[in-house]
Amino acid sequence: MTRDDLITAYAAADRAYHNLAHVEDCLDKLARVDGLSAAEREILAEAIWWHDVVYDPMRSDNEELSARLAEQHVAANIREEVGRLIRLTRTHQVDSSDKLGAILISIDLSILAAEPPRYDAYAAAIRREYAHVPDAAYRAGRADVLRRFAARPVIFPDASFARAWETKARDNLARELASLRGP
C-alpha cells in the first residue's frame, strides 16, 4: 500500500471526520512537538498515517485492522511499535510514562480542544459518520463516550498537551453533552 493508497482510503465519501484532513491536522500537531528524535518522529508519523486507514463505523475492530495493515507495509524496524501505537487508539488510554503513546493519543484527541465552531463541525461530522444509527441511540452512545472522556483525571496523557488543552476540551465535552440531552 502506497501513500497514494492511504490518501485514497482517507478520501472515501463516507468519511466526514476520519479523513485526510484529520490525518493532516494530526501531522501538523506532530510537527509542533519538541524533543523527539528522528526515529520517534518517523514512528509517530507512520502511526498517524495508518491509525484510521480502516474506518467503518459499523465495525469494532477498525484499529486492529489498521494496525495489521500498517505492520504489513511500514519498515520492518518500526512495524511492531507502529502497530502497538495504533492499537492504543481503540480506547485512547495510555500510561503517561509511555512517551510515544501519550503523544499519539494526545494528538488524536486534539480536536476535543478545538475552538467551539470547529469542535461543533467535528461533532456534526461524527454524527454523519454514524448516520445509520437512530437519533436516540446515537445521543445515548455519544454521551456515554463523552462522559468516559470527561471522567478521566486527564484527557490528554501527554503533560504538555494537557497543560495547553485540558480546560478547552472539558468545556467542549460539557457543551456537547448538554446538546445531546436535547431542548
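No experiment lies behind these values; they were computed from the predicted model shown.
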Min side-chain heavy-atom separation Y122-L112 under 4.5 Å: yes
Report yes if some heavy atom in the side chain of D95 is under 4.5 Å from a heavy atom in the side chain of P157; otherwise report no. no
State the CH2-CD distance between W50 and E71, to the nearest 0.5 angstrom. 11.0 Å
In terms of heavy-atom contacts, E63 and T89 come closest through CG-OG1, 3.4 Å
H73 and L6, any side-chain heavy atoms less than 4.5 Å apart: no
Side-chain donor or acceptor of R41 paired with backbone N/O of V33 under 3.5 Å: yes
Is there a path of hydrophobic side-chain contacts, each under 4.5 Å between heavy atoms of I/L/V/M/F/W/Y residues, joining V154 to L88? no
Locate the shortest heavy-atom distance separating Y10 from R15; write the atom from each residue and the value. CD2-NH1, 3.2 Å
Can you find a heavy atom in the side chain of V53 that is under 4.5 Å from one in the side chain of M1? yes
Return the minimal non-hydrogen interatomic distance between L173 and A150, and the atom names on each side. CD1-N, 3.9 Å
Would you call N172 and E176 a side-chain contact if the rule is heavy atoms closer than 4.5 Å? no
E40 side chain to S37 main-chain N or O, any donor-acceptor pair under 3.5 Å? yes
Spell out, as yes or no, whether a donor-acceptor pair under 3.5 Å connects the side chain of S106 to the backbone of I103. no
Donor-acceptor check, side chain of D108 to backbone of H92, threshold 3.5 angstrom: yes or no? no
Starting at CG of D25, measure out to CZ of R118 and round the result to the nearest 0.5 Å. 4.5 Å
Expected output: side-chain E64 to main-chain R87 donor-acceptor under 3.5 Å: no
Would you name the heavy atoms of I86 and A67 that are closest together and state the gap between them? CG2-N, 3.7 Å
Do D52 side-chain atoms and Y55 backbone N/O form a donor-acceptor pair below 3.5 Å? no
Distance-minimising heavy-atom pair for S66 and V54: OG-N, 3.0 Å
Starting from the C-alpha separation in whole Å, work towards a yes-or-no answer on salt bridge (charged side-chain N to carboxylate O under 4.0 Å, His left out) for D171 and R175. CA-CA 6 Å; D171 291 347; R175 203 166 43 76; over 6 Å; no
Do the non-hydrogen side-chain atoms of D98 and I105 ever get within less than 4.5 Å of each other? no
Polar side-chain atom of N19 near backbone of A16 as donor-acceptor pair, under 3.5 Å: yes
L30 versus L36: any side-chain heavy-atom pair under 4.5 Å? yes
Side chain proximity check, R170 to T167, heavy atoms < 4.5 angstrom: no
Do any N or O atoms from the side chain of E81 and from the backbone of I43 form a donor-acceptor pair under 3.5 angstrom? no
What are the two closest heavy atoms between V74 and E46, and how far apart are they? CG1-OE1, 3.6 Å
Heavy-atom neighbours of R127 CZ exceed 12 at 6.0 Å: yes
So, does R163 use its side chain to make a donor-acceptor pair with the main chain of D158 at under 3.5 Å? no
On the 0 to 90° scale, with breaks at 30° and 60°, tag the H22-Y17 ring pair as parallel, tilted or perpendicular. tilted
Please evaluate residues D4 and T2 with respect to the criterion side chain to side chain donor-acceptor pair (under 3.5 Å), reporting the C-alpha separation (whole Å), side-chain torsions for both, the decisive distance (0.1 Å), and the verdict. CA-CA 5 Å; D4 286 342; T2 66; 4.9 Å; no
Are the side chain of R139 and the backbone N or O of R142 linked by a donor-acceptor pair below 3.5 Å? no
